Amino acid sequence: MAIQNNVLQQVKTYNEANMALLLNMNVWLNLANMKFRHFNDQIPTNLGSSVSFDIPTRFITSNTLTPAFQAAVQRIQNLTVDQKRSISYAFDSQQYIFNVRDYMDQFGRSAMAEMSAAIEIDLGTVASYNTYRYFGDGLTNISTSLQLDKLIEQFRVFGAAKNDTKCVLNNLSYPNIVNSNLSQFAQMRNDREALSWEVGSFNGCDFYRSNLLHRHVAGNVGNDGVTLTVVSVVTNADGGVIQITFSGASASDADAIKHYDKATFNDGVAGRNNLRFLTYYGHFPSEAPVQFRVEADAASDVTGEVTVDIFPPLQAASGAFQNINTEIVAGMQVTFLPTHRCGLIMAGRPFYVAMPTLPSTNPFPSHTAVDSDTGASIRMYSGWLIDQAAMGTFHDSIWGKTGVDDYMMMVAIPDS
């Protein structure tokens, strides 16, 4: 008996696989000082999107017992909430009841993960934007404990807070560091590291890893490995150098130097003293090389000269803000970093984040929650779009961040 040509329907079902989200290594928000997280509610007299906080006053001693009064300058830094992100999606009535009603939690989790990643990558920019000192040349990977120790000591030789020293590196540095340690005869340490495959705490510094380090794209001077020579300087009222004109760049290069590029004054230049930072307190010459951050993009002219605004002011003249051992003069040379990833070492909790709670969206139901995986404060609200017969869901957040430059140092990690 022949089998008939039956017409059968294949019904595909859409099933939840319960797969875990591909979460990022969210470290920046977890390390942030959240003292001013909700400053708009905690400080009743504060109006506006910024809050100010004090940073330590600086003085200088005199070689006399006769009073020599000097100005006491209150120093402040601003934390401004100037960042915002949102995600929204909508379904019409039929889509909602037949297709997605049972999957709204899954959409919400994915949206939270995407929002937190956007917040995390923005917070990581503090390693570039709020530092002027740095460790590394942007070309050599950190792969040994010796390099970690040099990193920590270069940070501390300038002067550093004695508590809460934290360092964030890229996650790909860790395997090489731990592997190099296993070749050393240090059984207890090696057993611990081999089991966890983590650096953990080392020389009074806690180490963390991130796959969301900020990538700074340097100007052509840094990427081409060009050495620049000082031509002239401009100083502020205290004698601190705030602008330097260099020679040696390519002629008429619009991308010679970029905002947030960093450079070091070179040692061993014939006829010129080696520059060193003074200790933050005491004002004594340290072993720290003199480095600076560029404050704006700078193009070279037809002769290859380029003028850059720098931070901090580099002051050799005596005073509370003296920070280098000798004047910057023509003929001194500098080397800029190439494109790099920005790790960070800091102490004293100088990295501040504010993340105010957004208001209720009444009459639409809303809720602000702290993401358990990342610590991000994110508002969610939903409501029916009457004119479109659809239900819209929204996730949004606002935040601001800043770092106290003197308490932080960037780690220049190769961009590879």
Side-chain angles (χ1 to χ4, degrees), residues 55-63 70-71 73 75 77 130-137 150-151 153-161 221-222 227-248 257 260-296 298 306-337 345 347 350 403-410 412:
I55 53 179
T57 303
R58 302 192 69 182
F59 294 102
I60 192 169
T61 59
S62 300
N63 295 325
Q70 55 191 287
V73 179
R75 304 168 64 210
Q77 185 150 335
N130 290 100
T131 57
Y132 58 89
R133 293 183 296 139
Y134 61 91
F135 175 85
D137 58 7
K150 288 182 177 179
L151 157 64
E153 295 308 326
Q154 182 173 320
F155 173 64
R156 290 173 175 164
V157 74
F158 173 79
V221 167
T227 297
L228 298 186
T229 302
V230 175
V231 175
S232 61
V233 301
V234 173
T235 61
N236 60 18
D238 295 320
V241 173
I242 57 174
Q243 187 180 83
I244 307 177
T245 297
F246 296 101
S247 63
I257 296 176
Y260 302 116
D261 275 1
K262 293 181 176 65
T264 299
F265 280 88
N266 297 342
D267 287 348
V269 179
R272 302 293 183 270
N273 295 324
N274 291 338
L275 277 171
R276 290 293 181 269
F277 273 126
L278 304 186
T279 56
Y280 188 81
Y281 285 120
H283 297 84
F284 296 107
S286 74
E287 297 173 88
V290 173
Q291 299 168 326
F292 61 85
R293 178 181 75 227
V294 174
E295 293 293 85
V306 57
T307 299
V308 297
D309 298 324
I310 69 168
F311 180 88
L314 298 176
Q315 180 177 326
S318 180
F321 294 97
Q322 180 186 9
N323 58 1
I324 57 175
N325 63 325
T326 187
E327 296 284 356
I328 297 173
V329 297
M332 289 182 171
Q333 296 179 344
V334 300
T335 299
F336 280 79
L337 284 175
I345 183 170
V404 183
D405 302 72
D406 296 321
Y407 288 66
M408 306 167 71
M409 186 175 79
M410 189 185 77

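A quick note: this is a predicted structure, and the numbers were derived from the prediction, not measured. Count residues from 1 along the sequence.
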Closest heavy-atom contact between Leu337 and Gly136?
CD2-O, 3.8 Å
Residue set satisfying salt bridge (Lys or Arg N to Asp or Glu O under 4.0 Å) with Glu295, at least two apart, ordered chain then number -> Arg293
Ring geometry between Tyr132 and Phe158 (parallel below 30°, tilted from 30 to 60°, perpendicular above 60°)
perpendicular
Sorted by chain and residue number, the side chain to side chain donor-acceptor pair (under 3.5 Å) partners of Ser286 (sequence neighbours excluded) come out as none
Residues two or more places apart in sequence or in another chain: which of them pass side-chain contact (heavy atoms from CB on, under 4.5 Å) with Arg272?
Val269, Val329, Met332
May I ask you to decide if Phe277's main-chain N or O and Gln291's side chain share a donor-acceptor pair within less than 3.5 Å?
no
Suppose the criterion is salt bridge (charged side-chain N to carboxylate O under 4.0 Å, His left out): which pairs have a residue in residues 273-284, not counting sequence neighbours?
Asp267-Arg276
Going by side chain to side chain donor-acceptor pair (under 3.5 Å), name the residues that satisfy it together with Asp309, two or more places apart in sequence or in a different chain.
Gln243
Say whether, by atom type as modelled, one donor and one acceptor occur between the side chain of Thr131 and the main chain of Met408 under 3.5 angstrom.
no
Check step by step if side-chain contact (heavy atoms from CB on, under 4.5 Å) holds for Val334 and Ile244.
CA-CA 11 Å; Val334 300; Ile244 307 177; over 6 Å; no
Once rounded to the nearest 0.5 Å, what's the spacing between atom CG of Asp406 and atom CD of Gln77?
9.0 Å
CZ/Phe265 to CD1/Ile328 distance, rounded to the nearest 0.5 angstrom?
4.0 Å
Only pairs at least two apart or in different chains count here, so list each side-chain hydrogen bond (donor to acceptor under 3.5 Å, both in side chains) that has a residue in residues 314-326.
none
Would you please name every residue forming a side chain to side chain donor-acceptor pair (under 3.5 Å) with Glu327, sequence neighbours left out?
none
Once ring pair (Phe, Tyr, Trp, His ring centres under 6.0 Å) is applied, do any residues pair with Tyr260, and if so which ones, sequence neighbours excluded?
Tyr129
Just verifying a value: how many Å separate Arg133 CZ and Lys262 NZ, rounded to the nearest 0.5 Å?
12.0 Å
Non-neighbouring partners of Phe135 that pass ring pair (Phe, Tyr, Trp, His ring centres under 6.0 Å), sequence neighbours left out
none
Rounded to the nearest 0.5 Å, the CG atom of Asn130 sits from the OH atom of Tyr407 at a distance of 14.5 Å
Can you find a pair of side-chain heavy atoms, one from Phe336 and one from Val294, that are under 4.5 Å apart?
yes
Close side-chain approach of Phe246 to Val221, heavy-atom, < 4.5 Å:
no
Report, one line per pair, each donor and acceptor closer than 3.5 Å where one atom sits in a side chain of residues 229-239; sequence neighbours left out.
residue	atom	partner	partner atom	Å
Asn236	OD1	Asp238	N	3.0
Asn236	OD1	Gly239	N	3.1
Asn236	OD1	Gly240	N	2.7

Straight-line distance of Ile257 CD1 to Thr307 OG1, nearest 0.5 Å
9.0 Å
Spacing of CZ belonging to Phe311 relative to CD1 belonging to Ile242, to within rounding of 0.5 Å:
12.0 Å
How would you list, by chain and number, every residue that makes a side chain to side chain donor-acceptor pair (under 3.5 Å) with Thr335, sequence neighbours excluded?
Asn266
